[in-house]
Amino acid sequence: MDDSTPSRHRHPKPAVILVHGLWTPAAVFALHSHWLQRRGYRPRRFGYPSVRATLAQNAQALKAFIEATGASDIHLVGHSMGGLIILDLLAQSVDPRLRRAILLGTPCLAACRTFPAPDPNML
């Protein structure tokens, strides 16, 4: 199975969903997926149309991807715009399986001001 396809079956390894940035494909996280897998995680790369859909539409697509991911523990890693999608998702609802959200190079200084404070357990 391609790591960009979520599995509906429960899996004992924690999943790490990698969310790419603007104008890049999910494949940019191929090496990260390899490294995470070697360290006992189940990486999944979430791909989205960064310039053809709104932030809210991409957050809804990420929500569906998370719902279809069969893992008891899920961590999110977002690069650049991927981090904004994660923040938008967390502002709407939080899946109880989410454990951590890590933002890499996300321009959230001004953007974070528009979102409610995140759950401290997510930090």
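All heavy atoms count here, side chains included; hydrogens, waters and symmetry mates do not.
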Test side-chain contact (heavy atoms from CB on, under 4.5 Å) applied to [X] - qualifying residues, sequence neighbours left out:
X	result
P49	R52, A53, N58
A59	I85, D88, L89
R39	W35, Y41

In Å, rounded to the nearest 0.5 Å, how long is the span from [atom1] of [X] to [atom2] of [Y]?
X	Y	atom1	atom2	answer
L87	Q92	CG	CD	11.5 Å
L36	L18	CG	CG	6.0 Å
M81	Y48	CE	OH	4.5 Å
R42	T69	CZ	OG1	7.0 Å
I66	I17	CD1	CD1	4.5 Å
R100	L76	CZ	CG	11.5 Å

#### Entry: With S93 via side chain to side chain donor-acceptor pair (under 3.5 Å) - residues at least two apart
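S93 satisfies side chain to side chain donor-acceptor pair (under 3.5 Å) with no residue once adjacent residues are dropped.
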### Query
Listed by chain and number, what are the side chain to side chain donor-acceptor pair (under 3.5 Å) partners of Q37, not counting sequence neighbours?
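With sequence neighbours excluded, Q37 shows a side chain to side chain donor-acceptor pair (under 3.5 Å) to no residue whatsoever.
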### Message
For residues V19 and L31: do they belong to one hydrophobic cluster (side chain heavy atoms under 4.5 Å, members Ile, Leu, Val, Met, Phe, Trp, Tyr)?
### Response
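No; tracing contacts between hydrophobic side chains, which count when under 4.5 Å, never links both residues.
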### S80 (side chain) donor-acceptor with G21 (main chain) under 3.5 angstrom
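The answer is no, because no donor-acceptor pair under 3.5 Å joins these two groups.
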#### Entry: Test applied, side-chain contact (heavy atoms from CB on, under 4.5 Å); reference residue, S50; option that passes from L22, T24, L55
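Among L22, T24, L55, the one meeting side-chain contact (heavy atoms from CB on, under 4.5 Å) with S50 is L22.
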With a 4.5 Å cut-off on side-chain heavy atoms, are [Y] and [X] touching?
X	Y	value
S72	R97	no
P14	I74	no
H32	H34	no

### Task
Measure from the ring center of H20 to the ring center of F46 and say whether it is less than 6.0 Å.
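No, the ring of H20 stays outside the 6.0 Å limit from the ring of F46, centre to centre.
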